[in-house]
Amino acid sequence: MEDSDIIALYWARADHAIAETAAKYGRYLASIAINILHSPEDSEECVNDTYLHTWNAIPPNRPSVLRTWLGRITRNLSLDRYKNHHAQKRGGGQAALLLSELEDCIPAPAHTNHPVEEQQLAESISHFLHSQKQEARQLFVRRYWFGDPITAIAQRFHLSEAKVKSSLFRTRQKLQKYLEQEGLLP
Amino acid sequence: MTAEQLFRAIGYLDDALLEEAEAAPAMPRSSRLVWLRYAAVAACLSLAVYLGGNWLGLFLQATPQNNMSLQQDGGSAQYGASPEAEAFMDENAADSAARDKTATDRELPMLILGGSNTGAYGFEGYMAYDIDALVSANPWQAGSSPQALPVYRSTAAPDAEGIVPKPDFAAMQAVLLDIAGRLGYQPADIIIQDDYPNEETIRIVTEKYAATGDTVPPEFFAAGMVYWEQNGIRIEVESNLTTTIHLEPAVTLPEGYDFTHFASYENKAKVAQYLLAEYATLLDMEEPMLALEGGDQNIYGQRSFDIAFYEGAGDATQQLLHYFFNQVQFHCDDEGKLFIIRLYNKDLSQKLGDYPIITPEEALQLAEDGHYVTSAPEAYPGSALVAKTELVYRNGREETYLPYYRLYAELPTMESDNGVKTYAAYYVPAVQGQYIQNMPLWDGSFN
């Protein structure tokens, strides 16, 4: 079913909107949640919560790209769940590792809870990535948006794990400098 | 700024970056090697390659097991081919034609795997303390498995655009009348309707679209199901001829029968015997076989078993086909009452042939080499962790119904603190590799 038809089902409040969403994107969303949480039970609940959020959000929203719109919800819900589990000292899946790697982009003096405008930051990072070589930015997005394990990225791109890690490291370093230049890091 | 803020901001990268990352790489760089490896195997077996006007696949010489009766003209079928396969064919067309110009109607078409998007949420993993807790009624037995099994082309699979073939309303109505007849209703009493929306629904949807400046897509209001309802019974037939009988109010079973979701195996077996006696006419089977299976846990530690029946008459192959494609399932509601009966009726009219199959041991080796499909989040953990193997037909929205070996592999990383294990499903095509044009190679993502 086309995305526009699925969105139309939500607008019509048709119950099978969720079933159609699950059929088309369930596995994709589960892969995002699993990558972050590494737990089938938690991932299942995150994906279910994604459908609930979507049901509540459409209407009035009309996503231009349903796939990524859904993926963002799952990703945020997965991070929320990770934080909840982390507070309870339960397993954290890959999220802890991903966050640890992203610490590289934030020099110690800037590591505060000082709020940053999320949308502005996202636009800056997007702009930065567009300036990078294609493979480098693809590796970065696979790792930090989709949460893919290093081994999976290496297999997907037919690179050694060492090369993937090296590329990600260099991109993180460049991103830190870019964010500093943009004034997003004090 | 914190790493979490950065992580959340990355969530809002622009769509172009996400689409690029998802699309890349367009074709796995190694798939060509895999393809060539299988082509080489085929060559070693003196299997000829033929390129005809409408053919894109490789056709192989007949085998002793091949007693197929192709439905297509001249014993051939037309298939799409991956760019890799097409490139290979271009490069080898001359050689192929020179090697074999003797294709006969006894040849088996090459199979192209894929086309399934049946995944819902989560991945196919079964939680249990031990593999023996998982109960299957699969009639397949390793020791007496047929050496060749039929493969079918689905007539209901969505195309590349996700559009299902136009429903055959005459066939759907015939099925509905048949099922209603088995329940004792007379055809003259049955007025069949379809799910084309009523005027009020059309008006509401149209207005919603108009409010945002859009028009309703023309296919939005297309009918895709027929139904009949009367006095608390509603029979629905979908375009794939799956029939669902809704009972409203739900049927209360006599005292002494426990038909609740998490009733024990023994209690469900007792319920199954009652249902078999009560609905024998609906089942309309010569030798109804009970498929009482399940036993895995949900996240709350509850085990459940599902009740289904299938036709047990016929040889081992026919029983397999009935089990996987023509089950009748009985479902309870939250109060333990019977509220849905579902009859599956897959169209197996488009047979591609009887294909020789590999052994379970060969399937394990293929899995070791990465030739499997899975929804599990981890790579195949190795055959030492495979607790169970069974032959199955994947019968969702696949374009081709063919047998696979389902390997239940334990994932040690997912064992719970209380000792509950997770057995993930890894599927290896059971058809011999030389008949598969795009042997799967796990790429580290869900496939």
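Values in this document were obtained by computation on a predicted structure and should not be read as measured data. Note on naming: letters A, B, ... go to the chains in the order of the sequence lines (proteins, then strands), and numbering restarts at 1 for each one.
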Practice item. Could you check B:Leu18 against A:Arg72 for side chain to side chain contact (heavy atoms under 4.5 Å, CB included), going step by step and ending with a plain yes or no? Key: CA-CA 11 Å; B:Leu18 305 184; A:Arg72 287 190 180 101; 3.8 Å; yes
Review point. Is it the case that more than 12 heavy atoms not belonging to A:His53 sit under 6.0 Å from its NE2 atom?
Key: no
Study note, to complete from the structure: If one checks every heavy atom of A:Glu123 against chain B at 4.5 Å, the contacting part turns out to be neither
Point to revise | Criterion side-chain contact (heavy atoms from CB on, under 4.5 Å) against B:Ile10, the qualifying member of A:Leu121, A:Leu129, A:Ile125 | key: A:Ile125
Check your understanding: Does B:Asn418 CG have over 12 foreign heavy atoms under 6.0 Å away?
Key -> yes
Exercise for review: Check whether the side chains of B:Asp14 and A:His130 place a donor and an acceptor atom closer than 3.5 Å, and report yes or no.
Suggested key: yes
Study note, to complete from the structure: Shortest non-hydrogen pair, A:Glu103 vs B:Ala3, comes out as OE2-CB, 3.6 Å
Review point. Are B:Phe7 and A:Ile36 close enough that some pair of their side-chain heavy atoms sits under 4.5 Å apart?
Key: yes
Exercise for review: Step through the shown structure and confirm whether more than 12 heavy atoms of other residues, nucleotides or ligands are within 6.0 Å of CD on B:Glu199.
Suggested key: no
Check your understanding: Closest heavy-atom contact between A:Arg27 and B:Ser375?
Key -> NE-CB, 3.9 Å
Point to revise | Choice from B:Ser416, B:Ala9, B:Gly125, B:Ala16 maximising heavy atom contacts with chain A below 4.5 Å | key: B:Ala9
Check your understanding: Counting heavy-atom pairs under 4.5 Å to chain B, which of A:Pro59, A:Ser126, A:Ser64, A:Ala154 comes out on top?
Key -> A:Ser126
Revision key, fill the gap. Residue from A:Val65, A:Leu102, A:Leu79, A:Val141 scoring the most non-hydrogen pairs under 4.5 Å with chain B is A:Leu79
Review point. Can you tell me how far the CG atom of B:Leu17 sits from the CD atom of A:Gln132, to the nearest 0.5 Å?
Key: 11.0 Å
Practice item. Evaluate whether atom OH of B:Tyr129 has more than 12 neighbouring non-hydrogen atoms of other residues, nucleotides or ligands under 6.0 angstrom away. Key: yes
Revision key, fill the gap. Heavy atoms of B:Glu22 and A:Arg142 approach each other most closely as CA-NH1, 3.5 Å
**Study point:** Straight-line distance of A:Leu175 CG to B:Leu6 CG, nearest 0.5 Å
**Key:** 6.0 Å
Exercise for review: Determine, for B:Tyr12 and A:Arg75, whether the Lys NZ or Arg CZ falls below 6.0 Å from the six-membered ring centre while staying within 45 degrees of the axis.
Suggested key: no
Review point. Hey, mind stepping through A:Asp80 and B:Arg8 against side chain to side chain contact (heavy atoms under 4.5 Å, CB included) and telling me if it holds?
Key: CA-CA 10 Å; A:Asp80 289 343; B:Arg8 288 192 187 277; 2.5 Å; yes
Check your understanding: For chain A, which residues from residues 407-415 of chain B have at least one heavy atom closer than 4.5 Å to it?
Key -> B:Thr413, B:Met414
Review point. B:Glu19 versus A:Arg67: any side-chain heavy-atom pair under 4.5 Å?
Key: no
